[in-house]
There are 2 protein chains.
Amino acid sequence: MPTHPKKKAATVRDVAKAASVGFATAARTLGGYGSVSPEVRGRVLLAAATLGYRPNRLARSMATGTSRTLGVVVADIENQFFARIVRGISDVARPAGFEVILVNSDEKANEERVAVRMLAEKQVDGIIVAPAAVNDFGHLSELQDSGLPIVLLDRNIPQLAADAVVIDGMNAAEEATDHLIALGHRRIAIVTDVLSETPIPRDFRPPASVATAGIRLAGFLKALHRAGLAVDELLVRRASPTIAGAYSEAGALMDLTSPPTAIFTTDNVMTLGAFEALQDREIRIPQDLSFFGFDDLDWTRIVHPPLSVVAQPVYELGATAAQTLLGRIEGRAGSAQVRVLPTQLVHRGSTRQVSNGHRRAKSINRVPVPPGEIRPQT
Amino acid sequence: MPTHPKKKAATVRDVAKAASVGFATAARTLGGYGSVSPEVRGRVLLAAATLGYRPNRLARSMATGTSRTLGVVVADIENQFFARIVRGISDVARPAGFEVILVNSDEKANEERVAVRMLAEKQVDGIIVAPAAVNDFGHLSELQDSGLPIVLLDRNIPQLAADAVVIDGMNAAEEATDHLIALGHRRIAIVTDVLSETPIPRDFRPPASVATAGIRLAGFLKALHRAGLAVDELLVRRASPTIAGAYSEAGALMDLTSPPTAIFTTDNVMTLGAFEALQDREIRIPQDLSFFGFDDLDWTRIVHPPLSVVAQPVYELGATAAQTLLGRIEGRAGSAQVRVLPTQLVHRGSTRQVSNGHRRAKSINRVPVPPGEIRPQT
DNA sequence: AACCTACGTCGGAGCGCTCCGATGAATCGG
DNA sequence: CCGATTCATCGGAGCGCTCCGACGTAGGTT
């Protein structure tokens, strides 16, 4: 038994010879196109079986110009958010006969640039990308110009005029914040990641950035503004996008002379890190602090207390992106569409009416709070 | 602006013409092989840049017979275990210039068979697979015969004589169980998944199956046996491999007339599901029940109490598999090697000395228990 | 009977690239 | 000064497949 039994795989030509039919006829039979009489078909199939013929999809792709492969670029497959998305993509792609090449960008525009180029060179039929930077997309529009279908995931880039599948992060953050406000909270903190380039405005302004974190931060600010609450810059924390980052920012928050009475986090990593920090400080939730997380992951149900979170349809995000991409690949025309998938607030036990004697904290669990009912505190 | 600006990408031929050099010379320059004089190289590169030349890797693969692509087949990318593994693989593969095609098998041998075939037809240079069934591997040995390097992940198949990267699940389970025994527990339950085909022996026997779950179950049984404890079949629960499955089995366990005083779970899904069930029943851990989980995921630190678990080097599992595969692809000869990566027990707060008056429960936290010190109970 | 249509069959021309063998110019030693 | 070696350059032959146009034979029409 040799180490390399590479016995040179049989090709269509070999099969044709073995079945004593023309080369093209064998090709048609095996490739499943054109027409071929039943007898001949049988002969060819038999020969193929005995020779152990396996088509070379690369050659096929070469000839057809279509690889039946999708490129997927996400920040980090270890992040459950992206893992679930990829699963959604994969579940749609495979039945349609597409394989998926997966690349992690770690939110680095440069990694993404390289990855996307490589994917294009590998002749993928389309690309799904959760863009790392919303202001650095030259590589993406380049692709687009070359006619490669591309679908944006989780983050839209309006200038790109590409299909996109997103959630309404602004509204989601706003609803969550409204809920906290309705519970009477006035000192509400947010733990978001540094990728939210939005400067903190005194008043609410539409988001300058369209990055996921920036949009959610904007929603948070908008809710505060609508309620007439001043923004305390100390309560807006931008963590490095890791559990450790969120951990330390949440810790810093509680070290404040005047700590917040509620914390909102903007993604599952921030949620985990912040929650761990609170846990380690033995801060009682919701008695001492209300907590509103983001992403309805399995573990949010089993911590104490179970976390109230913004639930987003993660799997569907991926599945929809894949469907959209397949549509484009099949030649669906029409201008780029942005699909906004619905989020919803999941109320578990981690928020409650603010305890320390705030006036006008009477409306409970009313979401969103009717404008004007909640008055500015200072 | 047309919808399909497919302006037909420039090829080596076009570049050669534009630079007025021979076709092969341009090819050598762009392909980075052979030799070419500096002036000519400059001309070619310039022409390539102005034409926006992008190599077609498919064509290159066709010509070289190597695709610089790896196939990876795991059960489910949504499972954090596999997500982390894939990250490990990817981190090793990409710097080496390999892309990764990812496929989910859902532990179904048939899905795996189809996937693996497709990957081979797509001419991947090698395959990493966490085999769904250890007794159904014809498709894998077929590949092997065709000379395609293949590395087994998480589960070995000795008959296959392929490289494999695994942990010593038997020993890990044994250590964890020993720990529980040392704490005086006599009624120790295990929640494992149905894929552990091992019949429950009265006494310990080496595992008939080499499936992951089967091995861990065997380790559990071995520890009981060594301690002279009889196996109560009611305490061996095989759940469907989902959170819900583990949830209901753990629940059933606590409904027993004589429930266990300790529970051991054999993977992260079982751990989550079982823990959730205990949580929902308001069973106090570790006061009412000791709990030992598997897989040191982030959330195990933030539940109450923090979970003691068997930690396995998940990322390294993937990275090592990739390194092994790359080695084979580069032609490293030698017989198949099985790499066993070390696990370790992480003690947090979820186990404690058994409370209800068992005799001889004096040795605490001694792991593993000295043979003979713990006597059979009945 | 002569004709047209339809369809199974066939070889060949690509797809874009790498690799091989050949060519010609330049460099070196005797 | 000429033969021998070196090296940039070149076209062509593949890699395995699909697709196109051509061919031949059968069936149906007038």
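Each chain gets a letter, A, B and so on, in the order its sequence line appears, and its residues count up from 1.
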Check the distance between [N]'s [atom2] and [X]'s [atom1] and give it to me in whole angstrom.
X	N	atom1	atom2	value
A/R68	D/dT18	CZ	P	13 Å
B/D14	C/dC17	CG	C1'	13 Å
A/E121	C/dG16	CD	P	14 Å
A/R60	C/dG16	CZ	P	19 Å
A/Q123	D/dT18	CD	P	17 Å
A/E39	C/dT9	CD	C1'	12 Å
B/R54	C/dC17	CZ	P	12 Å

* Does B/T64 use its side chain to pair, donor to acceptor, with the backbone of B/R60 at less than 3.5 Å? -> yes
Provide the full list of salt bridge (charged side-chain N to carboxylate O under 4.0 Å, His left out) pairs with a residue in [range], sequence neighbours left out, each pair given once.
range	result
residues 13-31 of chain B	none
residues 119-144 of chain A	A/R113-A/D136, A/R117-A/E142, A/E121-B/R54, A/E121-B/R57
residues 315-325 of chain B	none

* Quantified as the angle between the terminal helix axes (five pairs each), what is the overall bend of the helix from C/dA1-D/dT30 to C/dG30-D/dC1 to 10 degrees? -> 50°
Applying side-chain contact (heavy atoms from CB on, under 4.5 Å), can you list everything that pairs with [X], at least two apart in sequence or on another chain?
X	answer
A/T324	A/V151, A/D163, A/V165, A/T320, A/R332, A/R339
B/E78	A/R84, A/R87, A/Y315, B/D76
B/A161	none
A/A322	A/I89, A/V92, A/I128

* To do: Of all the heavy-atom pairs spanning B/L119 and B/G71, show the shortest one and how long it is.
  => CD1-CA, 3.8 Å
* **Nearest heavy atoms of A/T69 and A/F98, plus distance in Å** => N-CD2, 3.8 Å
* Could you list the residues that satisfy salt bridge (Lys or Arg N to Asp or Glu O under 4.0 Å) with B/E99, not counting sequence neighbours? => B/R94
* To do: Name every residue in residues 40-53 of chain A that has at least one heavy atom under 4.0 Å from any atom of DNA chain D, in order of residue number, or write none if there are no such residues.
  => A/Y53
* **Verdict with supporting geometry, B/M62 and A/N56, side chain to side chain contact (heavy atoms under 4.5 Å, CB included)** => CA-CA 9 Å; B/M62 187 85 254; A/N56 181 331; 4.0 Å; yes
Could you pull out the protein-nucleic contacts involving nucleotides 13-15 of chain C (nitrogen or oxygen on both sides, under 3.5 Å)?
none

* To do: Please step through salt bridge (Lys or Arg N to Asp or Glu O under 4.0 Å) for the pair B/E112 and B/R155, ending with a clear verdict.
  => CA-CA 14 Å; B/E112 178 181 305; B/R155 308 135 198 214; over 6 Å; no
Every protein N/O within reach of nucleotides 20-25 of chain D N/O, cut-off under 3.5 Å:
none

